[in-house]
Structure formats: C-alpha cells, structure tokens
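All residue numbers refer to positions in the sequence shown, counting from 1.
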Amino acid sequence: CESPSFLLGRLRNMILSLSFVTKSRLHSKKARLSSSQSLLFSSGSSKEPVDRKFQEILSFHAGVAAVCEGNGGGAYHIYRNGDPVYSGRRFKRTFGFYAAQRAAVVDFDDMFFHIDLTGQPVYDERYSWCGNFHGVLPDNNVFRSPVRDVENRYYYIDHQGERKIGPFSYAGDPNSAGHSVV
C-alpha cells in the first residue's frame with residue numbers, strides 16, 4: 001500500500017486530468033483490471049452483487065493477485081473469485097507469486113521477505129529489498145531471488161531462503177533485465 005501523501009497526489013492528478021476511476025467487475029470466471037489498478041468485485045452467485053473495492057490490485061499470475069484494501073485493511077493475495085489465498089495474515093505491501101510459488105512482501109516495519117501460498121514466511125531473515133524468484137533450473141527445482149541486506153549488499157537466495165552467491169554491489173531481477181555486479 002502506498003503512503004497517504006502519495007495517494008493524495010495520485011488522486012489530485014486524476015481529478016486534474018478529469019480521468020475518473022473506471023470500475024471493472026470480476027465475475028467468478030473472468031477478471032479485468034481497471035486503468036487505476038483497482039477492481040470492483042461482484043459475486044455472480046446472487047441477483048444483488050456483493051461488491052468489494054480494493055485500493056490496488058496487481059496482475060494475476062497463475063490465478064493469484066496481490067491486493068491492498070487501504071483504510072488499514074492491509075495487503076494480501078486473492079484468487080480470481082476475490083477470496084483470500086490465506087487467512088489472518090496482512091502486510092504493508094505484497095507482490096505477485098512467480099516461480100517457486102513465492103511472493104515478496106513488506107511487513108509493517110518496512111522489511112522485505114518471501115512467503116509461500118499459506119502466507120507464512122519461508123525463512124527468518126528480513127531484507128531491505130527482495131526481488132522475484134526465477135527458475136535457474138526449474139526442472140530440478142532450483143530457483144533464485146535477488147535480495148539486499150541492510151548494509152546494501154546484494155545476494156541471491158534459493159527458494160528456502162539460503163544465501164547461495166554474493167555479496168555483490170548490485171544484483172537485479174532477471175525478469176527485469178537485472179545483472180550481478182561484483
């Protein structure tokens with residue numbers, strides 16, 4: 001979730017440009033994102049829809065999306081039908097599940113780590129930044145994610161959270177053309 005000042009600036013820009021939020025509806029089979037990255041969920045199970053509005057929703061990957069409710073509701077992950085993937089866990093910010101069924105999240109102390117599909121942390125370590133997991137040898141269950149520690153050193157960790165290589169001056173996410181620099 002973004003800071004209130006960022007959100008106010010975003011709202012001001014929307015009003016100034018006269019671009020209003022386009023609400024998209026999600027029915028049990030199909031989801032569409034609005035241009036504002038928010039989504040209005042409607043239940044197709046009754047004549048009167050039960051709507052739920054998210055402050056932000058990221059793209060669906062393998063049927064799961066990261067969302068932020070705003071107003072103190074926190075960030076978590078949902079299925080296409082709007083149901084939470086896991087219960088009882090909320091974060092300050094969530095990102096998508098990619099390779100190794102891991103997602104980067106930010107806790108309320110602004111520290112990054114990865115969770116699994118149950119919403120539980122995969123490891124105990126906390127970082128100042130985490131990238132996405134990618135398959136190094138996906139057929140052999142070998143996945144890596146770049147991370148940055150609090151001393152600005154970069155490493156690549158495996159899907160269990162163990163540091164495999166590093167430290168580097170920089171390590172990027174291969175999905176975004178990142179590279180390692182010794």
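- Between His114 and Phe133, a ring centre-to-centre spacing shorter than 6.0 Å is recorded.
- Atoms CZ and CD, from Phe143 and Gln101 in turn, are 8.5 Å apart once rounded to the nearest 0.5 Å.
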message: Let's go through Phe113 and Val122 carefully: what are the C-alpha distance in whole Å and the side-chain angles of both, what is the deciding distance for side-chain contact (heavy atoms from CB on, under 4.5 Å) to 0.1 Å, and is it a yes or a no?
response: CA-CA 8 Å; Phe113 58 99; Val122 177; over 6 Å; no

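- When all heavy atoms of Ala66 and Gly96 are compared, the pair lying nearest together is CB-N, 4.3 Å.
- Note that CD1 of Ile157 is 9.0 Å distant from CZ of Arg163, once rounded to the nearest 0.5 Å.
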query: So Phe54 and Ile78, side-chain contact (heavy atoms from CB on, under 4.5 Å) or not? Walk me through it.
result: CA-CA 11 Å; Phe54 292 103; Ile78 60 167; 4.2 Å; yes

- request: Applying side-chain contact (heavy atoms from CB on, under 4.5 Å), run through Arg153 and Tyr155 and close with a yes or a no.
  value: CA-CA 7 Å; Arg153 293 176 300 206; Tyr155 299 87; 3.5 Å; yes

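- Under a cutoff of 6.0 Å and an axis angle of 45°, Arg80 and Phe60 form a cation-pi pair.
- Of the possible polar contacts, none joining the Arg144 side chain to the Val142 backbone as a donor-acceptor pair under 3.5 Å is found.
- Remark: side-chain polar atoms of Thr94 are not paired, donor with acceptor, to backbone N or O of Ala75 under 3.5 angstrom.
- The shortest heavy-atom contact between Ala99 and Gly135 is CB-N, 4.0 Å.
- Side-chain atoms of Arg93 and Glu56, non-hydrogen and from C-beta on, do get closer than 4.5 Å to each other.
- Side chain of Ser145 to backbone of Gly131: a donor-acceptor contact under 3.5 angstrom is found.
- The two residues Asp158 and Lys164 come nearest to each other via the heavy atoms OD2-CE, 3.1 Å.
- Rounding to the nearest 0.5 angstrom, the gap separating the CD atom in Glu69 from the CD1 atom in Ile57 is 11.0 Å.
- Taking CE of Met111 as the reference point, atom OH of Tyr127 lies at 9.5 Å (rounded to 0.5 Å).
- Of all heavy-atom pairs between Tyr86 and Thr118, the closest is CB-O, 3.2 Å.
- For Arg90 and Tyr76, the positive end sits near the middle of the six-membered ring, less than 6.0 Å away and at most 45° from its axis.
- Taking the six-membered ring for Trp and the full ring otherwise, the centers of Tyr98 and His134 sit at least 6.0 Å from each other.
- Counting heavy atoms from C-beta outward, Arg126 and Pro121 have side chains that approach closer than 4.5 Å.
- A donor-acceptor distance shorter than 3.5 angstrom exists from the side chain of Asn81 to the backbone of Asp83, with no hydrogens or angles considered.
- Of the inter-residue distances, the one linking Cys130 atom SG with Arg102 atom CZ reads 12.5 Å to the nearest 0.5 angstrom.
- Using a cut-off of 4.0 Å between Lys/Arg side-chain N and Asp/Glu carboxylate O, Asp110 and Lys92 are scored as salt-bridged.
- A donor-acceptor contact closer than 3.5 angstrom is absent between the side chains of Tyr123 and Glu162.
- Within the 3.5 Å criterion, the main-chain N or O of Asp109 finds a donor-acceptor partner in the side chain of Asp107.
- A single hydrophobic cluster is not seen to contain both Ile165 and Val136; linkage of ILVMFWY side chains at heavy-atom distances under 4.5 Å, directly or through other members, places them apart.
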query: Where do Asn141 and His159 land on the side-chain contact (heavy atoms from CB on, under 4.5 Å) test, with the steps shown first?
result: CA-CA 9 Å; Asn141 205 30; His159 67 284; 3.6 Å; yes

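- Side-chain contact between Phe97 and Leu117: present, with at least one pair of heavy atoms (C-beta onward) separated by less than 4.5 Å.
- With rounding to the nearest 0.5 Å, the separation of OH in Tyr154 from OG in Ser169 is 9.5 Å.
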